[in-house]
Each structure stands twice: as structure tokens, then as C-alpha cells.
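First the structure, in the form of C-alpha cells, and then the observations on it.
Remember, it's 1-based here, ligands and their atoms both numbered in the order they're listed.
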Amino acid sequence: MTNKEIFPKIADFLVDCDDYLITTHFSPDGDAIGSCLGMGELLKSLGKKYIIVLEGGLPEKYDFIGNKVTVFDSSAVEFDRRYSKIIILDAGDYKRIGKTANLIVENPRILNIDHHLSNNGFGEVSYIEGDASSVSEILFNLARFMKVHISAEMASYLYIGVMTDTGRFRFSNTSASALKTCAELVALGAKPMELTEAVYFDLPRSYIEALGKSLYSLQFLGDGRLALMEYLDRDEIEDAEGFIDFAIGVKGVKSAVFIRSMEDGRFKVSLRARDSLDVREIAESYGGGGHTKAAGFRFRGSLDQLKFDLIRKILERLG
Ligand SMILES: [Mn+2]
């Protein structure tokens with residue numbers, strides 16, 4: 001389905017109802033956050049009521065967004081009501097909204113907007129645009145289609161989404177339309193230097209310390225084609241965005257695996273690939289998902305067995 005066919009349906013969903021809950025996947029990245037906040041601004045300019053709820057709330061890294069918006073934490077706040085009109089952004093599967101599901105009625109009306117091809121198209125209205133750099137880019141086009149006012153705040157949130165999901169305009173999804181979107185967002189008031197500094201160059205000390213430990217664990221297998229990185233401290237790292245880029249960015253490496261422990265005893269596994277390897281298919285075999293070159297899953301069980309199986313699967317596919 002194309003923009004032209006689906007945008008009127010999305011617009012109807014947004015115009016016809018009121019009192020929305022906006023959410024995204026757990027461990028939200030910049031696009032997940034940017035698109036939720038951007039959707040909030042879009043609804044605000046339509047005069048609609050909404051709340052933004054994320055499992056875990058707004059990550060510390062995004063504190064700079066400050067008190068301009070309220071983001072509720074579904075794992076910490078008690079709500080005395082449930083929501084029936086739900087907007088889910090950047091989440092390939094309904095289950096990926098985590099504990100936020102506790103705030104939702106049975107059989108809710110759902111609008112699902114995503115760019116992960118693994119998205120199963122759940123919801124009353126769903127739009128999966130695999131070619132879009134980010135959900136933020138889709139929302140920019142939607143806002144333009146609906147002719148809503150794009151405030152400087154909204155432009156900034158969407159800019160954060162495109163910037164982070166393209167890996168600072170470096171990944172293969174850095175398309176002409178992604179760059180054009182950003183050019184327009186800058187014209188509307190997004191400030192690239194300020195936003196880049198805030199997201200990437202004002203890091204908590206704990207982030208760099210955890211990065212150091214993770215880098216120290218790096219091992220190279222299969223003639224240097226597979227990089228394995230681990231962070232197995234008992235304290236879960238709050239933010240490890242970008243760690244795996246160091247592993248996949250080594251000369252000769254075709255695939256990278258980053259395994260880190262979670263507080264509840266599970267493991268969070270991120271996969272990256274270069275060239276022809278499809279890591280989404282591997283992540284899906286463990287109940288996860290993502291993109292062909294970047295995917296992940298969560299795992300409960302023996303770490304040794306997991307590593308053994310994963311290494312074998314990847315090396316088999318690398319041939
Ligand atoms: Mn995204």
C-alpha cells in the first residue's frame with residue numbers, strides 16, 4: 001500500500017477519535033522516541049488529547065528534551081484507567097510494547113506505523129513502509145499530507161528520529177528522501193548541531209565505562225569474520241546504543257554479535273551484518289526481529305548454548 005492510499009485512512013483515525021495512548025517498543029531508540037514525541041505534537045495541533053507511555057519512561061540520554069513533554073513509565077506509574085485508542089510506532093510486534101499493554105483495554109483500536117519489514121501488520125490501520133529511513137520520516141510525510149503545523153519542537157523530534165535511525169546519515173537507509181526530510185526539518189527549526197551534541201556528545205560517564213568493558217571483551221572468530229562482544233555484569237547497562245558499531249566496524253568483520261545481561265536473568269542479543277548476510281532471519285528464529293543488517297532478540301537459557309548455536313548459525317551462513 002502506498003502513502004496516497006494509506007495516509008487518508010491514518011488521517012481519519014487521527015481526526016475521528018480522541019484520547020489516544022501513544023507508545024513504541026521497549027528499550028526505545030531515537031526513532032522510537034522521536035516518532036512518539038512527533039506524533040504527540042501532531043495530535044496537539046489537531047487539538048486532541050493524548051498521553052505518551054513507554055516501558056521504562058524516557059531514557060536518561062533524552063533528558064535534554066526536558067519538561068517540554070511528559071512521558072509516562074508503564075513499569076512505574078499506576079493508572080486508574082485504560083486506553084482504547086492506541087498509536088504504536090516503530091514496533092514490529094504488539095508484544096514489543098511490553099508493560100504498556102497493561103494500560104490498554106481488550107480489543108483496542110490500534111494504528112500501527114512502522115518501517116520494519118518484520119512487522120506483522122497488526123492493528124485496525126497499519127502502515128509498514130520498509131523503504132522509509134525511519135518512522136519519523138513517515139510521520140513528516142503524514143504531517144505534510146494532513147497539512148498540520150510543524151512546530152520547531154516537532155521538527156526537532158522527527159530530526160532526532162531520522163538522524164539516529166540512519167546512524168547519523170551513514171547507514172544504507174540514508175536515502176535522498178531521508179536527507180530531504182532533514183533539510184525541511186532544519187528549515188522548520190530543528191538544529192542539527194544542538195541535537196547531535198545532545199544525543200551523541202553529552203554522554204553519561206557510565207556509558208563510556210560500559211563501552212570500555214564491552215570493547216575489552218571483543219573476540220574475533222571464523223578467520224576474523226565474526227566479532228563477538230559481551231557485557232555480562234550483573235547491573236544492566238541502561239544505554240548501549242552504538243556499542244555494536246565498533247564490532248561490525250572492524251576490517252574483515254562480516255557479522256557482529258553483542259550479548260548483554262538483563263536484570264531479569266535474560267540476555268539481550270544484538271546482531272549486525274555487512275554484505276549479504278541476513279541477520280533478521282536469525283533473530284526471528286529466536287523470536288526477535290529487525291532489519292536484514294541490524295536485528296535483535298531476547299533470550300532466556302544457557303549462555304554457552306546460545307553462543308555455541310549463534311556462532312554456528314552465523315558461520316554456516318557466511319560459508
Ligand atoms: Mn525506527
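Checked for salt-bridge contact, Glu106 and Arg82 miss the test: no charged N lies under 4.0 Å from a carboxylate O. Using a 4.0 Å cut-off between charged side-chain N and carboxylate O, Asp18 and Lys48 make no salt bridge.
With a 6.0 Å cutoff to the six-membered ring centre and a 45° limit on the axis angle, Arg260 does not count as a cation-pi contact of Phe267.
Of all the N, O or S atoms in Asp90, the one closest to the Mn ion (ligand 1) is OD1. Taking the Mn ion (ligand 1) as reference, Asp31 places its N/O/S atom OD2 nearest. The Mn ion (ligand 1) sits nearest to atom OD2 when only the N, O or S atoms of Asp165 are considered.
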Run the numbers on Arg168 and Asp245 for salt bridge (charged side-chain N to carboxylate O under 4.0 Å, His left out), then give the verdict. CA-CA 12 Å; Arg168 285 179 258 180; Asp245 295 343; over 6 Å; no
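The nearest N, O or S atom of His115 is closer to the Mn ion (ligand 1) than 2.8 Å.
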